[in-house]
Amino acid sequence: MTTQTDIPPAETGGERRSWLREHSELGVCVLLLGLGVLVLTDALTMDVDIAQRGPVGPKTVPVVVGAGLLVIAALLAVDVLRGGRGQAEGGEDIDLSEPADWRTVLLLAGVFLGAAVLIEPLGFPVAGALLFWGAAFALGSRRIDRDPLIAAGISLVTYTVFNNLLGVPLPGGPLMGVL
């Protein structure tokens, strides 16, 4: 016969959150698993009849990478569930007791998405300058007199190096005739 003390108490939400925090590396396992499935799905559904010239074709490397991602995800999950923990680097200066700065993360995401939308109509030099200036602002720089000039310079140098020296065509936008 069981008594009231033999029945374990129901798990509370706080205990569940505590367990998830202690096993947060499982999120990396899920990410690796998803990437592995995506890579394998793309590789195995690839149409390569024309390009296939021997036993090693265009599918080989993606299949190996996808399988490797799945194996690493499984091994990491087993290690985390057995109590393995990643060690923080000695040089890390992050206070883990402080909450995340979501304002900065959202500002950076917005600047990045804005640059991705504006790169085609405005061209890389203008969109890149907005990206670099917006990133500097999101990360805390408030030098309105200097930051736009530095951002424009970095963007123009990047455009010139990729477009003219490396041969990687970037959209020039309205500045195409000027540059």
Side-chain angles (χ1 to χ4, degrees), residues 21 24-48 50-51 56-70 72-73 76 86-179:
R21 279 189 189 206
S24 60
E25 291 93 346
L26 290 175
V28 176
C29 299
V30 171
L31 178 68
L32 291 173
L33 178 73
L35 285 173
V37 168
L38 178 68
V39 169
L40 279 175
T41 302
D42 283 348
L44 296 175
T45 59
M46 187 185 307
D47 185 26
V48 293
I50 297 171
V56 177
K59 286 185 176 184
T60 306
V61 171
V63 167
V64 169
V65 168
L69 285 168
L70 294 179
I72 289 171
L76 181 59
Q87 296 297 318
E89 292 182 26
E92 286 188 16
D93 58 354
I94 299 171
D95 186 6
L96 295 177
S97 64
E98 292 292 320
D101 185 7
W102 288 107
R103 179 183 178 273
T104 301
V105 172
L106 293 174
L107 278 172
L108 284 172
V111 166
F112 180 75
L113 291 174
V117 169
L118 295 174
I119 196 167
E120 199 60 43
L122 297 181
F124 182 83
V126 175
L130 292 173
L131 171 69
F132 296 134
W133 187 18
F137 181 83
L139 294 172
S141 179
R142 298 297 185 259
R143 296 287 308 262
I144 305 291
D145 58 332
R146 164 189 82 178
D147 291 346
L149 296 174
I150 293 173
I154 291 172
S155 181
L156 287 173
V157 168
T158 304
Y159 176 79
T160 304
V161 167
F162 275 86
N163 198 56
N164 299 343
L165 298 178
L166 297 176
V168 177
L170 296 173
L175 299 176
M176 194 64 155
V178 177
L179 300 175

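Positions are given from 1 along the sequence. Treat the numbers as computed from the prediction; the structure is a model and nothing was measured.
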[atom1] of [X] to [atom2] of [Y]: how many Å apart, nearest 0.5 Å?
| X | Y | atom1 | atom2 | result |
| --- | --- | --- | --- | --- |
| T45 | K59 | OG1 | NZ | 7.5 Å |
| W102 | L107 | CH2 | CG | 13.0 Å |
| L40 | L35 | CG | CG | 11.0 Å |
| L149 | I154 | CG | CD1 | 11.0 Å |
| D147 | F137 | CG | CZ | 10.0 Å |

Reference residue L33; test side chain to side chain contact (heavy atoms under 4.5 Å, CB included); the match among L76, L70, I72:
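Result: among L76, L70, I72, L70 is the only option passing the side chain to side chain contact (heavy atoms under 4.5 Å, CB included) with L33.
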Looking at every heavy atom in both [X] and [Y], which two are closest together, and how far apart are they?
| X | Y | value |
| --- | --- | --- |
| A135 | L108 | CA-CD2, 3.8 Å |
| V63 | A43 | CG2-CB, 3.8 Å |
| L130 | V111 | O-CG1, 4.1 Å |
| Y159 | G172 | OH-CA, 3.8 Å |
| P125 | S155 | O-OG, 2.7 Å |
| A138 | T104 | O-CG2, 3.4 Å |

Could you tell me whether the side chain of V117 reaches within less than 4.5 Å of the side chain of L113, counting heavy atoms only?
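Not in contact.
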Residue pair V168 / N163, side-chain heavy-atom distance below 4.5 Å
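The answer is no, as the side chains (C-beta and beyond) never meet within the 4.5 Å cut-off.
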Under 3.5 Å: donor-acceptor pair, side chain of T41, backbone of V37:
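Present.
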Ionic contact status for R103 with D101, cut-off 4.0 Å
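Answer for the salt bridge query: no.
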